[in-house]
Each structure stands twice: as structure tokens, then as C-alpha cells.
Amino acid sequence: MPWGIDERAGGYKATRHLIERGHTRIGIIDGSSALGNSEKRDGYFAALQESGIDFDQGLWSEPKGFSVNAGFEAMDALIAAGGAPTAVFAVTDSLAIGALGWTLSHGLKVPEDIAIVGFDNIEFAEFASVPITSVNYNIAAVSTSAVERLLELIAADESISEPRMTLIEPDLIVRQSTTGMKG
């Protein structure tokens, strides 16, 4: 894939955001290992390490899939394991919405008891019962880069340049699930 979002930077930004809000017990809901995709988790680890926070295995939950229900069950497993996070980074917004559902159904407040950050910035994250802070997967920027590169290759005729990877820096869209403020 020659174009994409820098998922490592996104995982780092999400975790760093939680650390800047005073969290040191940051759980991660990440089922990407089966897919061989560790970039978001690598960003999470980098932010923890940079801040001098030791990783606690009890704060890692591997969901069975990437659905809202998988996020709900992963949050249940995370809490049952005794991890006691004050914040959670879910590697997709669907998982974050499931974690939010579990949290609210168990009488906890977001972000007061547990702050939640997702990844992808899907529309449902903005309109969840508590709007979810999310790493924005800027599909427009990825598409624009892909089209520009394609046009460049078409114009090159016979001389094709070396392949290259273009990673787009993601933005963090901050909402009430980490700030508690409206607006």
C-alpha cells in the first residue's frame, strides 16, 4: 500500500492525549495481532515509554473481532482481569463504542471514571451517547495522495519512478469522552 495514515503516529497521539490528561493506567483494546498489524499498539507503547509509564499486561485486551459487541466484551474482559484502567485506547471506533456501552451499562461515567479514545473517526463516534475522541483516518487526504501519484505515474510514460510509501499524519479529534466538555 503506497498511501495511508501513519497508524503508529495515531496510536501515539491517542495515548499521549490521555497521558496529558493525567492518566497513567491506560488500557488498550487491540485485536490486530492476528492481522499482523501492530502500528497502533507500537504508538501506544512509544507514548507510555516516553512518559516513563511501565506497560501492565493486565491493561491489554484482545477482542474477538472489531465489532461494537467485540468492544463491549473486550472491555468486560479488561475490567475482569483487574487492570483497573482510568482510560482506554481502542484501535477502532467500533471497539471504542462497545467499550463506551459497557462502561455506561455498568454505571460508570465517561470520562470521569474512564476516558475513551477510538481510531478512525467514524460518524457514529461523534454521535455516540458520549461523543468519542478519535484519531481521524483522513480518507480524503489518502485519496488525494493516491490520485496525485497515479497521475504522476501516467505522465511518466515509460520511466516509472521508484515505489514510495506516503504516510499521512493523522489528527486527533477531541470530544467529550476524554474532556467531559460539551461543544
Side-chain angles (χ1 to χ4, degrees), residues 4-66 70-103 106 108-122 125 128 130-138 165 167-181:
I5 296 297
D6 187 340
E7 293 184 346
R8 185 180 192 284
Y12 174 86
K13 284 183 176 186
T15 308
R16 190 79 213 145
H17 172 75
L18 294 168
I19 292 167
E20 289 169 357
R21 277 157 180 67
H23 297 283
T24 57
R25 298 208 38 83
I26 303 168
I28 183 168
I29 298 176
D30 177 21
S32 301
S33 294
L35 303 175
N37 179 353
S38 66
E39 285 84 6
K40 295 172 189 175
R41 185 175 57 247
D42 291 346
Y44 163 84
F45 285 137
L48 292 180
Q49 183 178 26
E50 176 185 273
S51 300
I53 300 170
D54 292 330
F55 172 68
D56 178 346
Q57 185 68 34
L59 293 173
W60 183 1
S61 182
E62 292 190 67
K64 295 178 177 129
F66 295 93
F72 188 96
E73 291 174 358
M75 188 67 174
D76 190 54
L78 184 66
I79 299 301
T86 62
V88 172
F89 167 47
V91 300
T92 69
D93 283 342
S94 293
L95 292 171
I97 291 168
L100 173 66
W102 185 95
T103 303
H106 285 80
L108 299 171
K109 294 179 182 173
V110 175
E112 294 85 352
D113 297 319
I114 298 178
I116 299 173
V117 177
F119 199 109
D120 295 326
N121 195 34
I122 63 172
V130 177
I132 297 173
T133 295
S134 183
V135 176
N136 187 29
Y137 192 99
N138 190 342
M165 177 65 158
L167 290 177
I168 296 167
E169 182 80 17
D171 293 319
L172 185 68
I173 308 301
V174 178
R175 298 191 180 102
Q176 290 91 317
S177 70
T178 59
T179 65
M181 294 182 231

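- With H23 as the fixed residue, the side chain to side chain contact (heavy atoms under 4.5 Å, CB included) test singles out one of T86, I114, V88: T86.
- Ring geometry for F55 versus F45: interplanar angle over 60°, hence perpendicular rather than tilted (30 to 60°).
- The backbone N or O of I26 lies less than 3.5 Å from a partner atom in the side chain of Y44, making a donor-acceptor pair.
- The main-chain N or O of L108 is never found under 3.5 Å from a side-chain atom of D113 such that the two would form a donor-acceptor pair.
- Judged purely by atom type and a 3.5 angstrom limit, R175 has no side-chain atom pairing as donor or acceptor with the backbone of P131.
- Side chain of S134 to backbone of N121: a donor-acceptor contact under 3.5 angstrom is found.
- Between the CG atom of L59 and the CG atom of D54 there is a distance of 11.5 Å, given to the nearest 0.5 Å.
- Residues N37 and E7 have side chains that bring a donor and an acceptor to within less than 3.5 angstrom of each other.
- Note that OG1 of T179 is 7.0 Å distant from NE2 of H17, once rounded to the nearest 0.5 Å.
- Using a distance-only test at 3.5 Å, with no hydrogens or angles considered, a donor-acceptor pair links the side chain of D6 to the main chain of A9.
- The closest side-chain heavy-atom distance from V110 to L100 is below 4.5 Å.
- Separating the CD1 atom in I53 from the CG atom in L18 is a distance of 9.5 Å, to the nearest 0.5 Å.
- Counting non-hydrogen atoms of neighbouring residues, nucleotides and ligands closer than 6.0 angstrom, the CD atom of Q49 reaches no more than 12 such neighbours.
- Within the 4.5 Å cutoff, side-chain heavy atoms of I122 are placed close to those of S94.
- H106 places a side-chain N or O within donor-acceptor distance of the main-chain N or O of W102, the cut-off being under 3.5 Å.
- Residues L167 and I5 form no side-chain contact, since every pair of their non-hydrogen atoms from C-beta on lies 4.5 Å or further apart.
- A donor and an acceptor atom, one from each side chain of D120 and T92, are nowhere located under 3.5 Å apart.
- Side-chain contact check for V91 versus R41: every heavy-atom pair is 4.5 Å or farther apart.
- Taking each heavy atom of G27 and L78 in turn, the nearest pair found is CA-CD2, 4.4 Å.
- Rounding to the nearest 0.5 angstrom, the gap separating the OG1 atom in T178 from the CZ atom in R21 is 5.0 Å.
- Between the side chains of S51 and R16, at least one donor-acceptor pair of N or O atoms lies under 3.5 Å.
- What you find for A84 and R25 is that their closest heavy atoms are O-NE, 3.4 Å.
- Looking at heavy atoms from C-beta onward, S32 lies in side-chain contact with F66 at the 4.5 angstrom threshold.
- N136 contributes no side-chain N or O that, together with a main-chain N or O of L172, makes up a donor-acceptor pair within less than 3.5 Å.
- In this structure, the side chain of S177 engages the main chain of T133 through a donor-acceptor pair within 3.5 Å.
- A distance-only check finds no donor-acceptor pair linking the side chain of T15 to the backbone of A47 [under 3.5 Å].
- A pairwise comparison of heavy atoms in A99 and I29 identifies CB-CD1, 3.9 Å as the closest pair.
- Nearest approach of A96 to A90, heavy atoms of both residues: N-CB, 3.5 Å.
- Nearest heavy atom pair, residue P63 against residue A74, reads CB-CB, 3.8 Å.
- Residues K40 and D30 are not paired through a salt bridge, judged by the lack of any N-O separation under 4.0 Å between the basic side chain and the carboxylate.
- Residue D93 comes nearest to A125 through the heavy atom pair OD2-CB, 3.6 Å, listed as atom of the first residue, atom of the second, then distance.
- Taking CD1 from I132 and CD from Q176, the interatomic distance works out to 10.5 Å, rounded to the nearest 0.5 Å.
- In this structure, D171 CG and Y137 OH are separated by 14.0 Å, a value rounded to the nearest 0.5 Å.
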